[in-house]
Amino acid sequence: MNAIVILLFSIFLNIQPVLVERAFYVMGTIIEFKLYCEDRELCKKAISDAHSEVKRLDDMLSNYKADSKLTEVNSLAGTGKTRVPQEFFELTGRSLFFSNLTGGVFDVTIGKLLELWRKAQQENTLPGAKTLGKTVSECIGFRRIQLYPEKSEIEIKSPCLSIDFGGIGKGYAIDRAVKILKSKGIKSGIVNFGGEIYAIGAPPGKKGWLVGVKNPIKQEDVLTFIEVNDIAVSTSGDYERYFEIGGRRFSHIIDPRTGLPVDSVPSVTVIAENATDADALSTAISVMGKDKSIEVLKGLDRVGVMIVTEEKNKHTIYKNASFQGFEVAE
Ligand code: ADP
Ligand code: MG
């Protein structure tokens, strides 16, 4: 049957697309699928397959699971090459791309610093300057990761280094899930994974999916609305996930140069072609701040960015031209 016949058939039978919504808890947060399908069962099956893929990636890339591939790779740090699954290799490669692009501000070897801050939180005491300095100089450094594409091998060249995919993994998982959804014939839907979003096509009769970007200072307010179609949106905000020590709130994004949590960028929203890049960039921009980010973004095509910065309790909002191109009135 050609497309016109199908169309006439649909009009004749008055087939309306149905919205199927499902949410699951995975990777420490909620992944939410909203898909339009003419056949509800098709949507349900596609969601189930996409969810399985995200769980599979979580089992591989999680830092919290004792039996994940990541835990194994980290435990072998300093002992030579290790063979990793293709997805693991690909994600490490993309992480290193962003490390190079940002001069190491995004660093997939941030693991030991996260451990240090996790311990500090448990003990409710700030880490000492000496410990921080030693961790930064000895246990952080993407340049000490070597990739061997021929055999899909990776080498962490120091026993102290530890990989963490927290700044990019959810985005990568969304991209893999979306690939599955599209291969199952999904043409309209949105996936929201704790702040990482991918919009497939548009809702029926619309040009794109309407996404509201929350005000990090007053989260019940929406700062702006964007309309997106076949594109990813990532928001890194210190209001979504943070930890407290001595009653003070700290961001879970760490500056690998100092070892300290970032504190002057309450929220960053990035619009990019895929969710992996959007995720890595929103984390990186949170560390780089506005000026350095504008410089780095010059080398990237069509990436939309909105940055909320804070200085002495004063907030400013920066939006690049590409971001403004997506904005719509409510
Ligand atoms: P989320 O979307 O989970 O709020 P982000 O995408 O902003 O978070 O990434 C935050 C996570 O990234 C942290 O929890 C940590 O695992 C990791 N991370 C923190 N600092 C860095 C950094 N400088 N470079 C790379 N990853 C980081
Ligand atoms: Mg991120």
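Both ligands and their constituent atoms are indexed starting at 1 by order of listing.
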Practice prompt. With the Mg ion (ligand 2) as the reference point, give the N/O/S atom of Asp279 that is nearest.
Written response: OD1
Fill in: N or O contact, Thr235 vs ligand 1, cut-off under 3.5 Å
no
Fill in: contact_flag Val105 ligand 1 heavy-atom lt 4.0 Å
yes
Discussion item. With nothing but distance in play, are any N or O atoms of Asp255 less than 3.5 Å from an N or O of ligand 1?
Written reply: no
Practice prompt. Assess whether atom NZ of Lys187 is packed by more than 12 heavy atoms of other residues, nucleotides or ligands within 6.0 Å.
Written response: no
Item to complete: Over all heavy atoms of both residues, which pair between Phe89 and Pro149 is shortest? Give the atoms and the distance, please.
Response: CZ-CA, 3.4 Å
Worksheet item: Gln146 and side chain to side chain donor-acceptor pair (under 3.5 Å): which partner among Lys157, Glu153, Glu155?
Response: Lys157
Worksheet item: Which atoms from ligand 1 have a heavy atom of Pro256 less than 4.0 Å away?
Response: 23 (N)
Item to complete: May I ask you to check if ligand 1 and Ile254 share an N or O to N or O distance below 3.5 Å?
Response: yes
Item to complete: May I ask which of Ala280, Ser236, Pro261, Gly194 has a heavy atom nearer to atom 7 (O) of ligand 1 than the others do?
Response: Ser236
Discussion item. Nearest 10°: the angle subtended at the Mg ion (ligand 2) by Gly167 O and Thr283 OG1?
Written reply: 90°
Worksheet item: Does ligand 1 have a heavy atom under 4.0 Å from the side chain of Leu114, from its backbone, from both, or from neither?
Response: side chain
Worksheet item: What are the two closest non-hydrogen atoms of Gly167 and Asp279, and how far apart are they?
Response: O-OD1, 2.9 Å
Fill in: Atoms of ligand 1, numbered as shown, that sit under 4.0 Å from any heavy atom of Glu196
2 (O), 6 (O)
Worksheet item: Taking NZ, NE, NH1 and NH2 as the nitrogens, is one of them in Arg56 or Glu87 under 4.0 Å from a carboxylate oxygen of the other?
Response: yes
Fill in: Parallel, tilted or perpendicular: rings of Phe243 and Phe250 (30°, 60°)
parallel
Worksheet item: Considering only heavy atoms, which of Ile163, Asp164, Ile110 lies nearest to atom 15 (C) of ligand 1?
Response: Asp164
Fill in: Side chain to side chain, Met27 and Phe193, heavy atoms closer than 4.5 Å
yes
Item to complete: Out of Thr283, Asp279, Val287, indicate the one that has the non-hydrogen atom closest to atom 9 (O) of ligand 1.
Response: Thr283
Discussion item. Quick test of your reading of the structure: of Asn63, Thr109, Asp107, whose heavy atom lies closest to atom 25 (C) of ligand 1?
Written reply: Asp107
Worksheet entry | Residues Lys44, Glu41; criterion salt bridge (Lys or Arg N to Asp or Glu O under 4.0 Å); working and verdict | CA-CA 5 Å; Lys44 280 163 77 177; Glu41 290 311 310; 3.5 Å; yes
Discussion item. Nearest 0.5 Å, please: how far is CZ in Phe33 from CG in Leu19?
Written reply: 13.5 Å
Item to complete: Could you establish whether Ser282 and ligand 1 come within less than 4.0 Å of each other, counting only heavy atoms on the residue side?
Response: no
